[in-house]
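Because the structure is predicted, anything quoted here is derived from the model rather than measured. All values below were derived from every heavy atom in this structure, side-chain atoms included, with hydrogens, water molecules and symmetry-related copies excluded.
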Amino acid sequence: MRILEQGASNLQGGGEGAAEAVGTLMLAMSTLLYRSGRRQDAMEKLKATQQVAPSAAFRVAAWEALMGLRMEAGQDVSSSMSPNDSVDLSVKDEEIKWSDQDHLKFRVDAIKGLSALLNGEIDTAQTLFGGPKDSFAGVGNNQTENAVLTYGEYLHCTGDFPLATQMYEKVLEAASTEDTSGNLLAAGNMAPEEVSLGATCSYGQLLSQSGKFGEAEDYLTRALQKAEEQFGSNHPKVGIVLTCVARMYKLKAKSEGSSSIMVQEGLYRKALEVLKAPAINSEDTRSQVDLRDIISLARGEYAELLLIQSNRKAEGERMKEWAQDAWKNRRLTLAQALEFSELSKPTVVDTRIGRVI
């Protein structure tokens with residue numbers, strides 16, 4: 001971090017090329033802060049990056065990451081927000097234009113669409129994602145993979161599995177062939193490795209909801225390996241993926257008319273441990289729990305396993321009550337999120353922001 005800060009300081013006032021280098025270093029610093037658990041500091045760094053952005057591409061990248069961290073933190077986000085909202089134009093008096101560049105507008109609209117989904121505004125999301133389909137054909141170019149992943153998740157949660165599959169596969173293909181050594185303008189939980197992890201996990205969820213359990217297990221295992229390699233075995237991202245793996249086993253057991261209670265219970269217990277879920281009887285305010293969506297979902301699933309065991313019903317009831325009280329999703333009730341058969345409202349766990357959409 002000190003090296004990056006010193007580099008940015010040395011480059012200040014050095015002309016156009018230096019301004020872009022400073023912007024790149026600031027994006028890198030925000031990612032480093034986020035990875036070290038300093039999310040609020042990362043957000044402040046992204047706000048500063050927006051202010052000094054030398055071009056529309058830098059401002060959009062900083063805003064995209066800032067919105068992603070706000071979503072992860074459970075803060076209110078609106079589909080009407082814009083990359084210029086946080087910029088003090090009295091300091092930087094020109095308004096950088098991003099809306100006349102299709103690939104940047106696509107990235108902005110994708111974040112707005114994701115905000116709309118989190119707010120339960122399906123019509124607004126449909127409007128934002130309803131643009132020309134050739135916008136999505138350029139994945140692998142102009143750094144739009146993150147937006148294509150978000151579009152894929154929109155299609156997924158609205159039931160268009162075939163087109164969602166195409167989007168996920170496009171992102172994964174691009175991730176496997178693209179050099180991400182430093183030429184991509186992205187940061188925080190919207191960085192390329194986060195997009196690759198997110199697409200792998202979301203595709204695994206779609207495959208499990210389609211009854212393709214062998215392929216689903218393969219992709220979710222890959223997602224778990226990516227999470228552990230990138231963040232460490234005890235990072236909350238690992239807990240998010242473990243929750244998805246457990247849900248896949250639940251659906252598989254239901255489809256086969258079998259039971260995998262021990263496997264599922266082991267996965268949910270491990271997921272909740274890694275997610276650092278507060279104790280059921282703790283004094284923590286449930287609305288303030290980090291990754292509340294995922295912890296509520298995992299506890300709701302775990303409670304269902306306990307409730308079918310006569311000697312553990314009381315424990316299951318307490319866990320179910322906790323999950324219901326903590327669940328604040330605006331698109332789905334907890335019961336809908338737990339019920340796989342309602343294909344009109346499939347659930348998608350987004351590993352980037354740790355939310356259920």
- Decide yes or no on side chain to side chain donor-acceptor pair (under 3.5 Å) for Arg352 and Asn146, but give the supporting numbers first. CA-CA 10 Å; Arg352 295 170 301 174; Asn146 192 45; 2.6 Å; yes

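- Partners of Arg299 by side-chain hydrogen bond (donor to acceptor under 3.5 Å, both in side chains), not counting sequence neighbours: none found.
- Cys201 is listed as a side-chain neighbour of Leu220, based on a closest heavy-atom distance under 4.5 Å.
- The shortest non-hydrogen separation linking Pro346 to Cys157 is CD-O, 3.3 Å.
- In this structure a side-chain-to-backbone donor-acceptor pair under 3.5 Å is missing from Glu44 to Asp41.
- No donor-acceptor pair under 3.5 Å is formed between the side chain of Lys212 and the backbone N or O of Gln209.
- Taking the six-membered ring where the residue is Trp, His156 and Phe161 present perpendicular rings, their angle passing 60° and hence far from 30°.
- Under the 3.5 Å distance criterion, the side-chain polar atoms of Gln50 are matched with a main-chain donor or acceptor of Pro83.
- Across all their heavy atoms, Tyr168 and Tyr203 have their closest contact at CD1-CA, 3.7 Å.
- Here Arg355 does not pair with Asp350 in a salt bridge; the nearest charged N to carboxylate O distance is not below 4.0 Å.
- Side-chain contact check for Phe106 versus Asp102: every heavy-atom pair is 4.5 Å or farther apart.
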Show every donor-acceptor pair shorter than 3.5 Å between a side-chain atom in residues 224-232 and any protein atom, with sequence neighbours excluded, or say none if there are none.
{"unit_1": "Lys226", "atom_1": "NZ", "unit_2": "Ser196", "atom_2": "OG", "d": "2.7"}
{"unit_1": "Lys226", "atom_1": "NZ", "unit_2": "Thr200", "atom_2": "OG1", "d": "3.0"}

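- Residue pairs meeting the ring-ring contact (aromatic ring centres under 6.0 Å, His included) criterion with at least one member in residues 26-50, sequence neighbours excluded, do not occur.
- For Glu194, the side-chain hydrogen bond (donor to acceptor under 3.5 Å, both in side chains) partners are Lys237, not counting sequence neighbours.
- Nearest heavy atom pair, residue Ala337 against residue Thr347, reads CA-CG2, 3.5 Å.
- Formation of a donor-acceptor pair under 3.5 Å by the Trp63 side chain with backbone atoms of Leu46 is not found in this model.
- Panel note: side chain Ser255, backbone Leu251; no donor-acceptor pair is recorded below 3.5 Å.
- Inter-residue side-chain proximity for Leu332 and Ile357 is flagged as unmet; no heavy-atom pair is nearer than 4.5 Å.
- Residues Leu155 and Met167 have side chains in contact (heavy-atom distance under 4.5 Å, counting atoms from C-beta outward).
- Arg107 and Thr150 are not linked by any side-chain donor-acceptor pair at a separation below 3.5 angstrom, with hydrogens and angles left out of the test.
- Of the possible polar contacts, none joining the Thr144 side chain to the Ala147 backbone as a donor-acceptor pair under 3.5 Å is found.
- Between Tyr219 and Leu206, every side-chain heavy-atom pair lies at or beyond the 4.5 Å cut-off.
- With sequence neighbours excluded, the residues forming a ring-ring contact (aromatic ring centres under 6.0 Å, His included) with Tyr154 are Phe129, listed by chain and number.
- Pairs of residues two or more places apart, or lying in two chains, never qualify as salt bridge (charged side-chain N to carboxylate O under 4.0 Å, His left out) while including a residue from residues 115-126.
- Panel note: side chain Asn234, backbone Val274; no donor-acceptor pair is recorded below 3.5 Å.
- Thr243 places a side-chain heavy atom less than 4.5 Å from the side chain of Leu275.
- Criterion: ILVMFWY side-chain heavy atoms under 4.5 Å apart, direct or through other members. Under it, Leu307 and Val263 are not part of a common hydrophobic cluster.
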- Message: Assess the residue pair Arg330 and Asn119 against the criterion (side chain to side chain donor-acceptor pair (under 3.5 Å)); give the C-alpha distance rounded to whole Å, side-chain angles, the decisive distance to 0.1 Å, and a yes or no.
- Response: CA-CA 5 Å; Arg330 295 176 183 176; Asn119 290 326; 2.7 Å; yes

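- A donor-acceptor pair is defined here as one N or O able to donate and one able to accept, closer than 3.5 Å; no such pair exists between the side chain of Glu315 and the backbone of Leu306.
- Tyr249 and Glu217 form a side-chain donor-acceptor contact under 3.5 Å, judged by distance and modelled atom types alone.
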- Item | Intermediate values then yes/no, side chain to side chain contact (heavy atoms under 4.5 Å, CB included), Ser79 and Leu128 | CA-CA 9 Å; Ser79 58; Leu128 289 162; 4.2 Å; yes

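- Between Ala57 and Leu185, the closest heavy-atom pair is CB-CD1, 3.8 Å.
- The only option from Arg312, Arg247, Lys320, Lys250 that meets the salt bridge (Lys or Arg N to Asp or Glu O under 4.0 Å) definition with Glu304 turns out to be Lys250.
- Considering only heavy atoms from C-beta on, Arg39 stays 4.5 Å or farther from Arg70 through its side chain.
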- Query: Which is it for Met67 and Met81 under the side chain to side chain contact (heavy atoms under 4.5 Å, CB included) test, yes or no, and what are the steps along the way?
  - Reply: CA-CA 9 Å; Met67 290 289 284; Met81 289 180 171; 3.5 Å; yes

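- Here the side chain of Ser202 pairs no donor or acceptor atom with the backbone of Ala199 at under 3.5 angstrom.
- Taking the side chain as every heavy atom from C-beta outward, Gln51 and Met26 never approach each other to under 4.5 Å.
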